[in-house]
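Note that ligands are numbered from 1 as they come in the structure, with each ligand's atoms numbered from 1 the same way. Quick note: numbers below take in every heavy atom, side chains included, and nothing from hydrogens, waters or symmetry partners.
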Amino acid sequence: MIVLKFGGTSVGSVENFRKVAKIVNEAKGPRIVVLSAMSGVTNTLVGIAAHLRSGNTEEAITEVNGLNDKYAEVARELLFRDEVFYKAQVFLSKHHQMLLSMVSSEFTDKEERVLMAEGELVSTNLFQLFMEDSGNRSSLISALDFVQIDKFGEPKTEVIKDRLLKVLAKNEKTDLWITQGFICRNDRGEIDNLKRGGSDYSASLIGAAVGARQIQIWTDIDGMHNNDPRYVDQTFSVKEISFDEAAELAYFGAKILHPQSIIPAQVNNIPVLLKNTFKPECAGTLIHNNSKSQKIRAIAAKDHITAIKIKSYRMLMAYGFLKKIFEVFEENKTSIDMITTSEVAVSLTIDNTARLKEIVSELQGFGNIQVDGDLSIICIAGDLAQNKKGITAAIFNSLKDIPIRMISYGGSNYNLSFLVKTADKVSVLNLLNEGLFSETRIENRDLVSA
Ligand code: ADP
Ligand code: ASP
Ligand code: MG
């Protein structure tokens, strides 16, 4: 079994649906196709939710009708056979009515989550009908029947496995199953989701559940690049990368992968192949366990970081002090990304500020607290074993004019991260690209890899 996940752009138009179908048909053998919503749709749904929350009914209806028109046009262009086109019309009309009914009823968090799931439900229905239209046997299975999260939003992997295997057994007259990324059920049995970009995570969870031989993530770029192509011009695709490196890069901002998506594949040792739907001939990036390099692989940046410094002359050297600090974060269900200590202070970073007020007020009992926002973590991933000479010099030489707020190095062998002002992020990514990856920097060339 293989899992093939296609992102929003890959299913963003009729032309792209056709490209996806070609890739899926050529893959052959047992496979599960996981689809995102068509590009822009989840953002539109977020917009509709915002309108409904603020009582802008007319705007919400206009957006709902706009989505319906878009889908109707896709169905018209995509499907040739009358009976299949009719099925699409029936489905889309029901869907349209359902969205309109949301406008006139109470709109709470629960309804919002139902609304957010609509994008993936539509794209998978249309794709399955397209398969039927072109004479390919396939089965549409609902992620809502098997992707389950617990009350903390964490996937219940055993439940997913158990339910998915049963669903597949029930729909065994095909070797091509189509399902939704992103959407799931929560511990109350309600429709929920795996957070923005979560279709990658769905693919990895599904791959792990069925013991897939490979998980393929098809997107709009030829694999993991050495740096963020949204901010840096001269980036290149990395041929292979280890799970640890990929997990760090995903967590620290490489948008190509959802932050948690590598973990299920890694735990089950399933290689993940990142591919470009629009250039299937490109090799892409293989994420696997045997990838052992001596080099710096890639750089990523994570925004919206807040640093908290706790300064305490009394207590820092006392044992148990750090434990008490960590407990404050644990009680407030806020995870810490980076941490550094000195004799009199501890600095740490968080990205979820939902409970910042409570955290600061509880920490005030320990000493002086300083909070700084608008920061970004820059993550450099690769083989950065501490005894490798020259790597840290190459990194920090490139950044000699940039103020650095915190540095974390040595926690693992494959990551060095540091904190800068978000305003400096683009310069930092470009300076590092020039300093670590530029062909002209001969002295560093043996430190990096393509
Ligand atoms: P999809 O809709 O297929 O899930 P995403 O937009 O979520 O696609 O992810 C692909 C995008 O990730 C690319 O178009 C690129 O702009 C961005 N990206 C950010 N960092 C990287 C990186 N290091 N390598 C490749 N792409 C990256
Ligand atoms: N459609 C969802 C989003 O836009 C999930 C995904 O595309 O991965 O966030
Ligand atoms: Mg994505």
Side-chain angles (χ1 to χ4, degrees), residues 4-13 16 19-20 23 34-47 49 67 113 115-124 143 147 179-184 192-206 215-239 241 245-262 272 274-279 282 284-285 287 296-303 376 378-382 425-426 429 432-433 437 450:
L4 301 99
K5 176 258 166 176
F6 295 86
T9 320
S10 303
V11 291
S13 66
N16 296 356
K19 293 196 165 104
V20 169
I23 294 165
V34 178
L35 300 183
S36 293
M38 295 179 73
S39 59
V41 166
T42 310
N43 286 344
T44 304
L45 295 173
V46 170
L67 269 185
R113 289 190 291 263
L115 178 65
M116 292 295 287
E118 288 309 305
E120 273 69 14
L121 289 169
V122 172
S123 64
T124 46
V147 183
T179 193
Q180 303 81 22
F182 182 56
I183 67 174
C184 62
D192 210 322
N193 61 67
L194 300 173
K195 308 276 176 309
R196 295 303 305 270
S199 297
D200 303 327
Y201 200 13
S202 305
S204 186
L205 288 165
I206 290 169
I215 297 163
Q216 301 181 355
I217 307 282
W218 290 82
T219 181
D220 56 7
I221 191 165
D222 53 341
M224 176 73 80
H225 277 216
N226 69 311
N227 205 330
D228 195 321
R230 293 168 299 176
Y231 308 112
V232 178
D233 284 337
Q234 307 279 322
T235 62
F236 52 82
S237 167
V238 178
K239 282 194 195 72
I241 189 165
E245 293 161 342
E248 294 282 352
L249 289 165
Y251 186 74
F252 287 115
K255 191 190 172 229
I256 188 169
L257 287 171
H258 174 279
Q260 269 100 46
S261 58
I262 285 304
V272 178
L274 307 180
K275 291 278 288 179
N276 189 345
T277 305
F278 310 103
K279 286 187 189 164
C282 290
T285 300
I287 306 170
I296 293 178
R297 297 276 204 199
I299 305 166
K302 182 175 176 180
D303 296 336
S376 295
I378 309 291
C379 161
I380 300 179
K425 176 186 80 172
V426 174
L429 293 177
L432 287 172
N433 217 54
F437 296 104

key: Distance-minimising heavy-atom pair for Ala301 and Ile378   =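 That would be CB-CD1, 3.9 Å.
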
query = Where do Ala37 and Val11 come nearest, in terms of heavy atoms and distance?
reply = O-CG2, 3.8 Å

message = Within the 3.5 Å criterion, strictly below it, is a donor on Thr235 or Asn227 matched to an acceptor on the partner's side chain?
response = no

Flag for Asn433-Asp233: side-chain donor and acceptor within less than 3.5 Å =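 There is no such pair (donor and acceptor under 3.5 Å, judged by atom type) between the side chains of Asp233 and Asn433.
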
For a quick test of your reading: what N or O donor-acceptor pairs under 3.5 Å do the side chains of residues 247-257 make, sequence neighbours left out?
from, atom 1, to, atom 2, distance (Å)
Glu248, OE1, Asn415, ND2, 2.9
Tyr251, OH, Asp337, OD1, 2.4

task = Determine, step by step, whether Phe437 and Phe236 satisfy the ring pair (Phe, Tyr, Trp, His ring centres under 6.0 Å) criterion, reporting the C-alpha distance in whole Å, the side-chain angles of both residues, the deciding distance to 0.1 Å, and the verdict.
result = CA-CA 10 Å; Phe437 296 104; Phe236 52 82; 5.8 Å; yes

ask   = Does Thr9 reach the main-chain N or O of Gly12 with its side chain, forming a donor-acceptor pair under 3.5 Å?
value = no

note = Under 4.0 Å from ligand 1, residues with heavy atoms, in chain and number order, are Lys5, Gly7, Gly8, Thr219, Asp220, Ile221, Gly223, Met224, His225, Asn227, Asp228, Pro229, Arg230, Ala254, Lys255, Ile256

inquiry  = Please enumerate all residues that pass side chain to side chain donor-acceptor pair (under 3.5 Å) together with Asn276, with sequence neighbours excluded.
reply    = none

Which pairs of N or O atoms, one from ligand 2 and one from the protein, are separated by less than 3.5 Å, and what is the distance for each pair?
from, atom 1, to, atom 2, distance (Å)
ligand 2, 1 (N), Thr42, OG1, 2.8
ligand 2, 1 (N), Glu120, OE2, 2.6
ligand 2, 4 (O), Thr42, OG1, 3.4
ligand 2, 4 (O), Arg196, NH2, 3.0
ligand 2, 7 (O), Ser36, OG, 3.2
ligand 2, 8 (O), Gly197, O, 3.4
ligand 2, 8 (O), Gly198, N, 3.4
ligand 2, 8 (O), Ser199, N, 3.0
ligand 2, 8 (O), Ser199, OG, 3.1
ligand 2, 9 (O), Arg196, NE, 2.7
ligand 2, 9 (O), Gly197, N, 2.8

inquiry  = Salt bridge check, Asp192 against Arg113: does any charged N sit closer than 4.0 Å to a carboxylate O?
reply    =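 Result for this pair is yes, salt bridge flagged.
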
